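In the text below, chain A, chain B and the rest are named by the order of the sequence lines, each starting its count at 1. Since the model is a prediction, treat every value here as computed from it, not as a measurement.
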Number of protein chains: 2
Amino acid sequence: MKGKDEFAFEQPCPIRDILDRIGDQWSLLVLDALDGRTRRFNELLRDIGDISKQMLSKTLKRLEQDGFVRRTLYAQVPLRVEYALTDLGRSFLGPLQGLVCWADAHHKAIVLARRRYANGGDALADAVL
Amino acid sequence: MKGKDEFAFEQPCPIRDILDRIGDQWSLLVLDALDGRTRRFNELLRDIGDISKQMLSKTLKRLEQDGFVRRTLYAQVPLRVEYALTDLGRSFLGPLQGLVCWADAHHKAIVLARRRYANGGDALADAVL
DNA sequence: CGGGATCCATCGTGATACTG
DNA sequence: CAGTATCACGATGGATCCCG
């Protein structure tokens, strides 16, 4: 009843799963960084820039668990690991793109709404009295 | 208020803004509950079920700030407040739908990937040596 | 190089009580 | 009815050290 759904039998809404993945700070950045090319751990670290090793590690592991990313280990010295999108991961980029487009198209409206609100948006919010 | 309640405008990439909204536990549920109809505070509370008053309040305020939801106050007794989607809010439901469809279509694949991973997906993950 | 383990600060969220 | 204030706790994420 707290936070996560405990109904282990049948997921009432699959969307919750997805939301958990895209909701976190980093999954989308990682997915994007892997779009079209294979990357190593430290490459991702540098590509994304402000992610910590721990979070990158956790995020990658979760994405791998869910089948979005494939991890390939080369047992050489020094160690070498490569990450790449799976078909599932790639297919996810599609609907995601819709969201990105929407964000681009309406970002100004949102910023405006915030400014209006900050300046006492009451002039708009009440009215009915 | 600890000074942390300031408005965080100016996100580098617009998608971040959106992600913050859909990332949290409740915004989408509220948006969905408001889809097509106007609702009062306590109605939303009951509709959604497992949300607390505090979180509903915060979520609504944030959605209002961002221009997704319009709050209308009727100064009668007892107090009466109605919430409704704005055009911006409604338009957001579109791209979201794409995500929901994807989730429905691929949820089984994800569950399968998790099970495989749990059973030692290593047999699949390494291979290259 | 690619992480895991640990410590710690902050945030999100629920519960409860209180206000108008 | 429609919130807000306060407290408490667990999850989240950064920093650092450590190991194969």
Proximal nucleotide (of D:dG14, C:dC1, D:dT4) relative to the A:R40 side chain | C:dC1
Taking D:dG13, D:dG3, C:dG14 as options, the one with an atom nearest any side-chain atom of A:M55 is D:dG13
Transitively linked via ILVMFWY side-chain contacts under 4.5 Å: B:L112 with A:L88?
-> no
Out of C:dC1, C:dG14, D:dT4, minimum distance to the side chain of B:W26 belongs to C:dG14
Whole Å only: how far is the CD atom of A:Q25 from the C1' atom of D:dA11?
-> 14 Å
Taken to the nearest whole Å, CG/B:L73 to P/C:dG20 is 16 Å
Contact under 4.0 Å: A:R71 side-chain N or O vs C:dG3 OP1/OP2 | yes
Take atom CD1 of B:I48 and atom C1' of C:dG14, then tell me their distance rounded to the nearest Å.
-> 15 Å
Just to confirm, is there a sub-4.0 Å distance from OP1 or OP2 of D:dT4 to any side-chain nitrogen or oxygen of B:K61?
-> yes
Where the side chain of A:H107 meets the backbone of A:A103, is there a donor-acceptor pair that is under 3.5 Å apart?
-> no
Taking only side-chain nitrogens and oxygens of A:S57, does any of them come within less than 4.0 Å of OP1 or OP2 of C:dG4?
-> yes
First of B:S52 and A:P78 reached from the 5' end of DNA chain C, by closest nucleotide = A:P78
Rounded to whole Å, NZ of B:K53 lies from P of D:dC7 at a distance of 18 Å
Establish, with yes or no, whether the OP1 or OP2 oxygen of D:dG3 is under 4.0 angstrom from a side-chain nitrogen or oxygen of B:Y83.
-> yes
Whole-Å distance, B:R46 CZ to D:dG3 P, equals 14 Å
Donor-acceptor pair under 3.5 Å, B:Q54 side chain vs D:dT6 base = yes
Mapping A:R62 and B:E82 to their closest nucleotides on DNA chain D, which lands nearer the 5' end?
-> B:E82
Mind calculating the distance between OH (A:Y74) and P (D:dG20) to the nearest angstrom?
-> 25 Å
Is the backbone N or O of B:S27 less than 3.5 Å from a side-chain atom of B:T59, with the two atoms forming a donor-acceptor pair by type?
-> no
Between A:D24 and B:F41, whichever has its closest DNA chain D nucleotide further toward 5' is B:F41
Under 4.0 Å between a Lys/Arg side-chain N and an Asp/Glu carboxylate O for B:D47 and B:R37?
-> yes
Side-chain ion pair, B:E64 and B:R62, N-O less than 4.0 Å | no
To the nearest Å, give me how far apart CG (B:L56) and P (D:dC1) are.
-> 14 Å
Check the distance between C:dC1's P and A:L44's CG and give it to me in whole angstrom.
-> 14 Å
